[in-house]
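Indexing begins at 1, ligand by ligand and atom by atom, following the structure's order.
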Amino acid sequence: MTHTPVFRLTAIAATLMATSMLIALPQAASAQDAVPQNDLLNATLWMQKSVEYKANTLAIYALAKMQLDAALADKNWTAIPDEQGADYSGKPAAIILDADETVLDNSVYEASLIQRGTSFSGKEWTAYVKDEVTKAIPGAVEFTQYAASRGVKVFYVTNRTKEEDPATLENMTKLGFPMGGDVDTLLTKGEKEDWKSAKGTRRAYVAKDYRVLMLLGDNLGDFVDDYNGDAAARMAVYEKNMSHWTKDWMMLPNPSYGSWESTMFGNNYKLPADEQRKMKIDQLEGWKPAQ
Ligand SMILES: [Mg+2]
């Protein structure tokens, strides 16, 4: 095979670069070893240590409180017109909140992953849940207590599992969340056969007996079941539901994880972190400076 001059020059440049990288390698490698790369770092620091994050969640819960007052004054209000069915205006009022990163702050778990240089494990997550060290997202306890004080039933639709249900119930009770009294308001994944990761069946379950005034979550899947498409499909779902956002659907910020991130690597969690990172970088829309 013959190379054109351009290719030969490129090959020479590549050899020179490789040589200089080899010379620089020992230092670069030791620097990497000392401070390993982890995509969770900034997001976890922001959620755990910044006033900016806390003020954000306070603002969303303050808006939710105002919107709840508006909803209670309007007997035709429902946040889930498709799942609510007919003749709902006489039903008692309810709201549905997701748990993790909506009302519960798991930043100590994320921080632990970064500090130990490891990644999510379902078994370890369950152990963490059973430790009952989860804290509340700022504004969440006050908002749910306010809703309960107005006679609104507060449901939590979470993909924590049936096995994790008792510890979650205890943890949330200790934090001061209203937990439903003799009504099961903590609806975990697998508690009933058709309660899978998609939450539509559980929203419909609540809607049978209640008029659902508001949904709160940190993930598109807390509002709709078609959340796992590619970025364009997710954007279309967002736009289709524009009348709900900030009215009766409230989205909390979660820069750590979620379907927004996994869609960037085709929801393939088995890919090595480096490959996931490459796919994420490839999808960035970047400014190209003039040469
Ligand atoms: Mg969540």
Run the side chain to side chain contact (heavy atoms under 4.5 Å, CB included) check on D69 and R150 step by step: do they pass? CA-CA 9 Å; D69 289 340; R150 297 287 319 263; 2.8 Å; yes
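M214 is listed as a side-chain neighbour of F143, based on a closest heavy-atom distance under 4.5 Å. In this structure, V108 and Y128 have side chains that are in contact, with non-hydrogen atoms separated by less than 4.5 Å. Within the 4.5 Å cutoff, no side-chain heavy atoms of V157 are placed close to those of D222.
When ring centroids are compared, W245 and F223 come within the 6.0 Å threshold. Aromatic rings of F155 and Y210 (six-membered ring for Trp) have centroids within the 6.0 Å cut-off, being under it.
Looking only at protein N/O/S atoms, the ones less than 2.8 Å from the Mg ion (ligand 1) make 3 in total.
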